Amino acid sequence: YYIKVLEQNIVVNRAIIRLNTIQSIILTTATGSIGVSQISSIFSPHVQMSLTLIFTVLSFFLTISTGVIKVMLIHENLEKCIQVKQEWTSFITNISTELQLPKEERQDAVKLIRDNKMVYLSLLNKDVELNYRSEAHAKKHIDEEIRISQLELTNDKAHNVLKKKGINNDII
């Protein structure tokens with residue numbers, strides 16, 4: 001669950017940064033164009049005043065959008081989420097690899113728990129700021145995965161019943 005929440009948080013943070021970057025590029029280009037056009041004395045004072053107002057408003061929004069990213073530490077939070085997700089994935093991979101081995105090749109369960117206990121506790125203590133929408137979306141995604149798994153299990157059971165009765169599922 002935590003990995004899914006981290007994945008969703010990474011998606012949200014990347015989208016915010018991407019949107020902010022695109023917005024900054026557009027606003028910077030627009031303000032630069034207006035600044036260059038103000039140099040020209042072709043425009044009437046009324047048009048120059050309007051351009052100055054537009055330039056000021058665009059600069060204001062550019063500063064605010066950049067400030068929001070910095071104040072909310074979105075980039076830093078994104079990097080931390082990626083790091084913590086990689087650590088959780090590594091931890092889970094170590095355990096699942098051990099569980100996939102035949103029973104006689106697995107290491108002792110007590111040793112496995114002892115070796116991984118500190119890693120687990122360390123991961124639980126990692127403080128990452130999570131977006132509420134990320135948690136809600138992750139829960140929805142996990143619920144959907146469970147539903148699909150249950151359907152697959154039901155289909156597998158039905159297939160096995162048909163197979164036992166000697167009925168070819170491909171014909172059906």
Side-chain angles (χ1 to χ4, degrees), residues 1-40 43 47-101 107 109 111-152:
Y1 173 77
Y2 196 63
I3 289 174
K4 290 292 182 190
V5 171
L6 287 169
E7 286 174 354
Q8 294 305 315
N9 209 49
I10 289 168
V11 168
V12 168
N13 285 342
R14 282 185 176 155
I16 291 170
I17 290 172
R18 191 175 297 120
L19 180 67
N20 187 277
T21 302
I22 291 169
Q23 177 185 358
S24 294
I25 290 169
I26 291 169
L27 292 177
T28 302
T29 304
T31 56
S33 298
I34 292 170
V36 168
S37 69
Q38 281 189 347
I39 294 172
S40 174
F43 299 112
V47 172
Q48 284 186 354
M49 181 61 133
S50 298
L51 291 175
T52 301
L53 181 61
I54 292 170
F55 177 74
T56 304
V57 169
L58 290 177
S59 295
F60 178 75
F61 283 118
L62 179 61
T63 303
I64 286 179
S65 65
T66 304
V68 165
I69 294 293
K70 296 227 184 284
V71 169
M72 294 180 66
L73 301 172
I74 291 176
H75 193 274
E76 290 81 358
N77 193 36
L78 172 63
E79 290 175 1
K80 192 167 188 178
C81 284
I82 291 170
Q83 176 194 359
V84 171
K85 179 187 171 240
Q86 289 171 344
E87 290 173 9
W88 270 105
T89 303
S90 175
F91 171 73
I92 290 171
T93 302
N94 289 340
I95 293 175
S96 63
T97 301
E98 189 68 32
L99 293 174
Q100 290 175 358
L101 291 172
Q107 60 178 292
K111 182 181 181 329
L112 181 67
I113 291 169
R114 192 177 332 114
D115 291 347
N116 290 293
K117 180 181 179 183
M118 293 310 295
V119 175
Y120 176 71
L121 293 175
S122 169
L123 286 170
L124 284 179
N125 289 324
K126 298 273 181 175
D127 185 31
V128 178
E129 188 174 323
L130 298 175
N131 183 318
Y132 171 73
R133 288 185 343 187
S134 299
E135 291 185 52
H137 189 74
K139 183 179 181 334
K140 193 173 173 183
H141 184 70
I142 290 170
D143 289 344
E144 182 65 18
E145 284 183 349
I146 290 170
R147 190 184 67 74
I148 290 170
S149 295
Q150 287 172 337
L151 284 173
E152 288 174 354

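Predicted, not measured: the structure shown is a model, and the values here were computed from it.
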Does any non-hydrogen side-chain atom of Arg114 lie less than 4.5 Å from one of Lys117?
no
If you round to the nearest 0.5 Å, how far is [atom2] of [Y] from [atom1] of [X]?
{"X": "Ile16", "Y": "Asn20", "atom1": "CD1", "atom2": "CG", "answer": "9.0 Å"}
{"X": "Asn13", "Y": "Lys80", "atom1": "CG", "atom2": "NZ", "answer": "13.0 Å"}
{"X": "Leu62", "Y": "Ile25", "atom1": "CG", "atom2": "CD1", "answer": "11.0 Å"}
{"X": "Arg18", "Y": "Thr21", "atom1": "CZ", "atom2": "OG1", "answer": "9.0 Å"}
{"X": "Thr89", "Y": "Ile3", "atom1": "OG1", "atom2": "CD1", "answer": "4.0 Å"}

Can you name the side chain to side chain contact (heavy atoms under 4.5 Å, CB included) partners of [X], sequence neighbours left out?
{"X": "Thr97", "answer": "Thr93"}
{"X": "Leu19", "answer": "none"}
{"X": "Gln23", "answer": "Leu27, Ser65"}
{"X": "Ile26", "answer": "Ile22"}

Give a yes or no answer on whether the side chain of [X] reaches the backbone of [Y] with a donor-acceptor pair at less than 3.5 Å.
{"X": "Asn116", "Y": "Leu112", "result": "yes"}
{"X": "Asn125", "Y": "Leu121", "result": "yes"}
{"X": "Glu98", "Y": "Gln107", "result": "yes"}

Partners meeting salt bridge (Lys or Arg N to Asp or Glu O under 4.0 Å) with Lys85 (sequence neighbours left out):
Glu7
Listed by chain and number, what are the salt bridge (Lys or Arg N to Asp or Glu O under 4.0 Å) partners of Glu152, not counting sequence neighbours?
none
So Asn77 and Asn9, side chain to side chain contact (heavy atoms under 4.5 Å, CB included) or not? Walk me through it.
CA-CA 9 Å; Asn77 193 36; Asn9 209 49; 3.5 Å; yes
Are Lys111 and Asp115 within salt-bridge range, i.e. N to O under 4.0 Å?
yes
Indicate whether any N or O donor in one side chain lies under 3.5 Å from an N or O acceptor in the other, for Gln83 and Glu87.
yes
Which of these, Val11, Ile82, Val128, sits in a side chain to side chain contact (heavy atoms under 4.5 Å, CB included) with Leu6?
Val128
